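These values consider heavy atoms only, across backbone and side chains, with no hydrogens, waters or symmetry-generated copies. Because the structure is predicted, anything quoted here is derived from the model rather than measured. Note that ligands are numbered from 1 as they come in the structure, with each ligand's atoms numbered from 1 the same way.
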Amino acid sequence: MDGLRLQSVTVAAIALLGGVYLVRSRTVSKGRRPPGPPGLPLLGNVLQAPGKVIRPLFLIQSLQCVFLIGDISLAKEILEKRSTKFSSRPTIPYLHYHVDPAQVYWAFSKQNETHFIGRKLTTGLMAAVRAGETESLQQFEALLNVTHLLDDGGKNWFHHIDRVSASMVLTAAFGLHCPTGQEPDLKEVIACVAEFATLSSPTASIINVLPFLDMIPGSMPWRKRAQTHRRHEDAPYDRLITRAVSGDASGMNTWAAVFASEDKPEGDQRRLMNMFTTTAIAMHTFILACILYPEWIPRAQREIDTIVGEDRLPCFKDRPRLPFVEAIVRETFRWRPAGRVGGPHQSTADDVVEYKGREYFIPKGAIILAVPWAIEHGQERFENHDLFQPERFLDDTDNLKAGYETSVFGFGRRGKFPLCPGIPFAERSLWINIAAMLWTFNIRKSDEPDPKTGLPFKYDDSDSAFSGNFTSAPFKFPVVFEPRSVHRAEVVRQEWTECEKDLNVLLPRHKEQ
Ligand code: HEM
């Protein structure tokens, strides 16, 4: 599997190479090259994958230097300690000049004023998340999720997880609560997110490979495609932002409303529309771990039952007393990271980095990609790295080990702000949903035969069970969600009835309810 994953990473890197517009091409000085095979003309060594496991630092040299990092200390050294030199983004011409010419998607934009303002505001919003502002909303959504799973025994569990992940973010961001997952606005947003993912890929257009073609005047197919996408995106976004700002849909202090009141008038908050897919991937991954490595589940349920009892669902107040659930969240992020590679960083100055007694030259303009899968599966840090073992994050006294570090949310800082500003929201989303599902259900394999083969379904955690070039999302698989007792099912129903009554408190002045 290591080889396959590496292949995906290499494909992604190759795609990125194709997409990078050469502002300035530099060669790594011989004598100080990081490990990497000798290059072929033009393609360099991009096609020569390094053995079975990514080395701590690996150079792919072609039209552009691309460094893959598979070691956490090296990633921190380069991307965190030296973030002033390594926090820019490479330019993907089609994305930059056609799909997102206003550069409203920070994840792809170089640091500019809009990006700076957006990150500053998001950091403020996430301080409120840390203080618990969104917890009642996240708890309410987790309760609705287990209610849905009770209703159909998990038949549509994949959809329910997609729904809860999207609804948590879209309610907080725009006041768009999605109780069924079939809401037309949600469907439109999902279609836009998928279209944007396709168009932002370095392989999306010939312009990324041959940028000079863009000098051809007139209505070329790539221009029309990008214009159509922008129209597709503007329609739902305009509706979402109008509702969020006017308070028609919700009186909540939505993130979009905060942005609109403090950002420049031309500020654009559409970046908030697509921040739910990685949470859904992580939750699907958690369910796969329940199916393939169920050994830890009794311990988790014992911990939850001891603290929470049988007469109510877990809530955020229980969080400090449920370290094993916290360890499950960490192991979910580690075991199969949602992103195959972190966001691409581009260096803005030449630098020399020392690794294991040797110095390596990283030229200005090089692209640096941390590879979470390689980092999170480092044998030195994680024994039995391919197994799902949450207890690896606990010490001998069953408390969380100190010094937790992860690569899955990216590295470094952009300007003054750390990468992935959504960490506090994402962690809470996962924690409450995992705790609620484990309290309510026994989660097990389905006995139904696979309709494609007529044979028992083959559950798989190899690379072929995941899709995506830059993300790594499990394909659908059948799961049974069995209530642990009739009493627990009744408690869920009862809590939901109470909660529905309080919806106006949870989502104040939500006029659609
Ligand atoms: C499991 C959940 C999540 C994962 C694994 C994840 C991971 C990441 C990663 C790897 C990056 C790129 C960092 C880099 O450049 O190295 C990123 C960027 C970002 N994330 Fe997340 N994220 C998650 C959830 C969220 C949520 C829930 C939000 C918002 C509420 C969010 C907001 C953002 C934003 C705005 C950026 C762009 C930051 C920038 O480029 O300035 N993320 N995330």
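- Which of Val341, Thr278, Thr332 comes nearest to atom 24 (C) of ligand 1 through a heavy atom is settled by distance: it is Thr278.
- Stacking of Arg392 on the aromatic ring of Phe382 is not recorded, the 6.0 Å distance cut-off and the 45° axial limit not both being met.
- Between Phe67 and His345, the distance separating the two ring centers is not shorter than 6.0 angstrom.
- Using a 4.0 Å cutoff on heavy atoms, Pro421 counts as a contact of ligand 1.
- For ligand 1, the atoms closer than 4.0 angstrom to any heavy atom of Phe333 are 1 (C).
- Taking the ring centre of Tyr404 as origin, the terminal cationic atom of Arg330 falls inside the region bounded by 6.0 Å and 45° from the ring axis.
- Note on ring orientation: taking the six-membered ring where Trp is involved, the planes of Phe286 and Trp296 are tilted (angle from 30° to 60°).
- Inclusion of Arg89 in the set of residues having an N or O under 3.5 Å from an N or O of ligand 1 is warranted.
- Of all the atoms in ligand 1, the ones that sit under 4.0 Å from a non-hydrogen atom of Phe411 are 16 (O).
- For atom 16 (O) of ligand 1, the nearest non-hydrogen atom from the set Glu427, His345, Arg428 comes from His345.
- Close approach of ligand 1 to Gly410 (heavy-atom distance below 4.0 Å) involves ligand atoms 10 (C), 13 (C), 16 (O).
- For ligand 1, none of its N or O atoms has an N or O atom of Thr279 under 3.5 Å away.
- Among Ser87, Pro424, Ala280, Cys420, the residue whose heavy atom lies closest to atom 25 (C) of ligand 1 is Cys420.
- Of all atoms in ligand 1, listed by their number and element, those nearer than 4.0 Å to a heavy atom of Val408 are 5 (C), 7 (C), 10 (C).
- With no hydrogens or angles considered, no side-chain donor-acceptor pair links Glu188 and His232 at under 3.5 Å.
- Between Phe441 and Phe481, a ring centre-to-centre spacing shorter than 6.0 Å is recorded.
- Looking only at side-chain heavy atoms (C-beta outward), Leu430 and Phe333 come within less than 4.5 Å of each other.
- Residue contact check: Met126 has heavy atoms under 4.0 Å from atoms 30 (C) of ligand 1.
- Shown in contact with Trp255 at under 4.0 Å from a heavy atom are these atoms of ligand 1, numbered in order with element: 30 (C).
- In summary, the aromatic rings of Phe174 and Trp255 are positioned with their centroids too far apart to meet the 6.0 Å limit.
- Counting the atoms of ligand 1 from 1 in the order shown, those under 4.0 Å from a heavy atom of Ala426 are 2 (C), 24 (C).
- In this pair, Trp373 and His377 present their aromatic rings parallel. The plane angle is below 30°, not in the 30 to 60° band.
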